[in-house]
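First the structure, in the form of structure tokens, and then the observations on it.
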Amino acid sequence: MTSGANAKRRLTILGSTGSIGTNTLDVIDQLGGRDRFEIAALTGNGNIDLLAAQAKAVGAELAVTADEGQYENLKSALSGTNIEVAAGRSGLIEAADRDAGWVMAAIVGTAGLAPTLAAARRGADIALANKECLVSAGDLFVSAVAKGGGRLIPVDSEHSAIFQALEDDQRHAVERIVLTASGGPFRTWTREQMAGVTAEIARAHPNWSMGLKISIGSASMFNKALEMIEAKHLFDARPEQIEVVVHPQSIIHSMVGYSDGSVLAQLGCPDMRTAIGYALTYPTRTKLNVDRLDFARIARLDFEAPDEVRFPALRLARTAMRRGGLQGAIMNAAEEIAFHAFVAGRIGFLDMADIAETVMERMTDITPALSMDDVYAADDEARIRAAQAVSATEKAA
Ligand code: NAD
Ligand code: MG
């Protein structure tokens, strides 16, 4: 390890093999790669070849697969190197606990919760892509970061935009937070048309190239539902301050409205590397090789009100925010089960929101989460109930 003025920054990427993870490695490479950074740990799941190739390319200290069954494969893929190997939940925690000052949290779903929390507790700066941390355990997660003493820097493009448009000393003057939504591939479709779509069709996002879950979540607007709750926790906003506007071009990434009528927005080409780079070099800006906006070519920016009848996920997010307590954890867990059932062809596209709503209506307890055990218990119960609702939907079809 180097030290002093030339010390390299030590980084860890949780979920390095995914869409955000590979983009993060690209940004690190653009900013000087191994000359400027040391990679403490990389983690993946089933994609062992990619994980091993990444670990070798950046000279990671530790490579972890979440899948214990893949431990031997990863070990043999990295034989002849001095890269350490670990697997499973404990391996993910080991990766999070390594002393890296900056951790990219880019594991998809609730699986990202425990490792991200571990990194937060030891005081690392958290570049947060995984929105489920805030949706399921918002208050606990935010206070864990505060106690740990690290910074929480959003990577989700909307929240990065808001973070950039928020004037630190003018927080009291924030009136509204406006999340933009592309509307996804079914923006203009009727419910009847959406009823029959497959995961293959639903995953084709018009503007962004992303992982499977978030792509499907963009089509159902469930992703925006998660982002509303994410924004509430990140920016300590009241539910009624959070608005969604459909903006099909995905050029304005989100906006903050102030009490004098001003609205500040952040714009850019739809490329996650801008938000990732900002999170890596915050509070300074760096030079990135991403496309620049050509306004004359874009010509126009359109806006529409979101339709909560065709996209009920937005309504569910409002219910979850209004109720508070563990409702975010319940909504998120139920949707995760419904998402997997949809991808497996067991239920239809519109059934996903119905299942999330059914579970939320059966678990209306709004006691606040006092510990992560409360979150995991609500998450488990919501998953069981959602699995039952999936079976019932399947039988009825
Ligand atoms: P992805 O599916 O492309 O990658 C997910 C990563 O998590 C991979 O490295 C995978 O190996 C790992 N993973 C999967 N299951 C795991 C498990 N059970 N345990 C541990 N690791 C596991 O997903 P993505 O699109 O990169 O998204 C990652 C997170 O970032 C999500 O929470 C998503 O909502 C958020 N996000 C993504 C984008 C985007 O543009 N892709 C934008 C904003 C926010
Ligand atoms: Mg987003």
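Whatever order the structure lists them in is the order used to number ligands and atoms, beginning at 1.
The closest donor-acceptor contact from the side chain of S262 to the backbone of Y258 lies at 3.5 Å or more, if one exists at all. Looking only at distances, no side-chain donor or acceptor of S79 sits under 3.5 Å from a matching main-chain atom of K75. Checking side-chain atoms of E132 against main-chain N and O of N332 turns up no donor-acceptor pair under 3.5 Å. Under a 3.5 Å cut-off, the side chain of H340 and the backbone N or O of A344 do not form any donor-acceptor pair.
Within the set V108, L51, L14, the minimum heavy-atom distance to atom 7 (O) of ligand 1 is found for V108. Which of T22, N45, L226, I107 comes nearest to atom 15 (N) of ligand 1 through a heavy atom is settled by distance: it is N45. Compare P154, C133, A106 by their heavy atoms: the one nearest to atom 6 (C) of ligand 1 is in A106.
With respect to atom 41 (N) of ligand 1, the closest heavy atom belonging to the protein is S19 OG, 3.2 Å. Taking atom 26 (O) of ligand 1 as the reference point, the nearest protein heavy-atom neighbour is I20 N, 2.9 Å. Remark: minimum distance from atom 32 (O) of ligand 1 to any protein heavy atom is reached at E132 OE1, 3.0 Å. With hydrogens left out, the protein atom closest to atom 34 (O) of ligand 1 is K131 CE, 3.1 Å, a heavy atom.
Remark: ligand 1 atoms within the under-4.0 Å shell around heavy atoms of T17 are 8 (C), 9 (O), 10 (C), 11 (O). Atoms of ligand 1 found under 4.0 Å from any heavy atom of A111, numbered from 1 in the order shown, are 17 (C), 18 (N), 19 (N). Atom numbering of ligand 1 starts at 1 in the shown order; those under 4.0 Å from a heavy atom of G211 are 3 (O), 25 (O), 41 (N).
Distances between N or O atoms of G18 and those of ligand 1 include at least one value under 3.5 Å.
Checked against the 6.0 Å centroid threshold, F222 and F339 do not count as a close aromatic pair.
We find that E335 and K213 are joined by a salt bridge, their nearest charged nitrogen and carboxylate oxygen being less than 4.0 Å apart. Remark: R323 engages E361 in a salt bridge, criterion side-chain N to carboxylate O under 4.0 Å.
Nearest to the Mg ion (ligand 2), among the N, O or S atoms that E158 has, is OE1.
Heavy-atom separations between N47 and ligand 1 are all 4.0 Å or longer.
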